[in-house]
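Whatever order the structure lists ligands and atoms in, that order sets their numbers, starting from 1.
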Amino acid sequence: MQRIFSGIQPSGIPTLGNYLGAIRNWVKLQDDHECLWCVVDLHAITVFQNPAELTQQSREMAAVLLACGVDPVKHTLFLQSNVRAHAQLAWIFNCVARLGWLNRMTQFKDKAGKDREAASVGLYAYPNLMAADIHAYHATRVPVGDDQRQHLELANDIAQKFNHDYGVEFFKNIEPVIMGPAARVMSLRDGTKKMSKSDPSDQSRINMNDDADAIALKIRRAKTDPEPLPSEAAGLAERPEARNLVGIYAALTDTDHAGVLAEHGGKGFGPFKQALADLVVEKLSPIAAETRRLLADPAGVDAILRDGAQRASAIADPIVAEAERLVGFLRA
Ligand code: AQP
């Protein structure tokens, strides 16, 4: 069975975007892969996080993943900071990766914005840590959105350079797993920006713990245009907000834009938003209820994460110890 690694940052409450673009796919992959699911708190602090909130968000993220169907018994669910191997290997990779390679990473440019000098060094070196996350387990498959492809190519460049520099065939080539048509969920306030858990506006996103009223209100207030829905998918081309709402509906009913428009084309946004709100509530409320049940016993969630970290360390520690030996570190 091929080994999969994937991570999610506890930088806020997970959103409908994280669910449709990542978590839901993770659950499907569990059927025929050995999976390591990681709450990547080391990545989260590349942007400042309030410490108490980070602690709480890490536990909540784990609870949401469990509530969505992540299996912590057949697979492994853990916190990145609880497995030392990630940071240890990342340092070696900081010394393998070249500045020129990182300078080409478009996500850093996007996330750092105009004031690059003020971005943390961690945000810049983020792709090296991501490479370490994967290579520490000799994972060969990584489910990613399109925005992460460049980072995976870098992870392969790092593996090749390490292998070349130390004259070994140690780190493996990684393949991206692209899951079906890209479900990229956009902000409810701006159809050209992706929905993000750290967006300052809570109205821009559906949180996985929003209740029915909050979901209905956010969808009712979602930005749209004055035209009714088109009857053909091509009619969504220049209408990012309409396309986003139709895309969410399609993803939640496992159909495509055309399938949704066959039913709702020609309707105004009033009735369509009502139908969408009902659908989102129907799909998310059982997950929110299960998340609340799990969080009522925080020690229980922590015990699952502790067990996961032990099992993850049992895989990663020997691999990273071997990488250190290859580099020439004396284990005195
Ligand atoms: N809007 C989205 N639509 C589809 N997929 C999405 N993902 C994130 N946003 C959307 C996918 O979720 C996974 C985990 O993401 P992450 O937490 O590691 O970082 P991110 O992509 O930066 O997610 P956010 O929510 O936007 O976090 P912040 O606000 O902290 O930057 C990834 O597989 C991602 O593709």
Using a distance-only test with no angle check, is there a side-chain donor-acceptor pair under 3.5 angstrom linking D41 and N82? no

Polar contact flag, side-chain donor to acceptor under 3.5 angstrom, Q49-E53: no

Which residue holds the protein heavy atom closest to [atom], what is that atom called, and what is the gap in Å?
atom: atom 14 (C) of ligand 1; result: I8 CG1, 3.6 Å
atom: atom 6 (C) of ligand 1; result: G17 O, 3.4 Å
atom: atom 4 (C) of ligand 1; result: A183 O, 3.0 Å
atom: atom 23 (O) of ligand 1; result: K194 NZ, 3.4 Å
atom: atom 27 (O) of ligand 1; result: K197 NZ, 3.0 Å
atom: atom 1 (N) of ligand 1; result: V185 O, 2.7 Å
atom: atom 22 (O) of ligand 1; result: K111 NZ, 3.1 Å
atom: atom 13 (C) of ligand 1; result: A22 CB, 3.5 Å

At the 4.0 Å heavy-atom cut-off, does N18 count as touching ligand 1? yes

Measure S196 to ligand 1 on non-hydrogen atoms and call it side chain, backbone, both or neither using the 4.0 Å cut-off. both

Structural part of S11 in contact with ligand 1, heavy atom criterion under 4.0 angstrom: side chain

Considering distance alone, does some N or O of S198 sit under 3.5 Å from an N or O of ligand 1? yes

If only atom types and distance count, is the side chain of R243 paired as donor or acceptor with the main-chain N or O of A237 below 3.5 Å? yes

Is the backbone of A155 close enough, under 3.5 Å, to the side chain of H135 for a donor and an acceptor to pair up by distance? yes

Qualifying residue for side chain to side chain contact (heavy atoms under 4.5 Å, CB included) with W26, from D71, L77, I8, I4: I8

Neighbour count >12 (heavy atoms, 6.0 Å) for atom CD, E232: no

Give a yes or no on whether atom 34 (C) of ligand 1 lies under 4.0 Å from any heavy atom of the protein. no

Under 4.0 Å between a side-chain nitrogen and a carboxylate oxygen: does that hold for D199 and K193? yes

After noting the C-alpha distance and the side-chain angles of C68 and M208, does the key distance pass the side-chain contact (heavy atoms from CB on, under 4.5 Å) rule? CA-CA 10 Å; C68 289; M208 293 300 286; 4.2 Å; yes

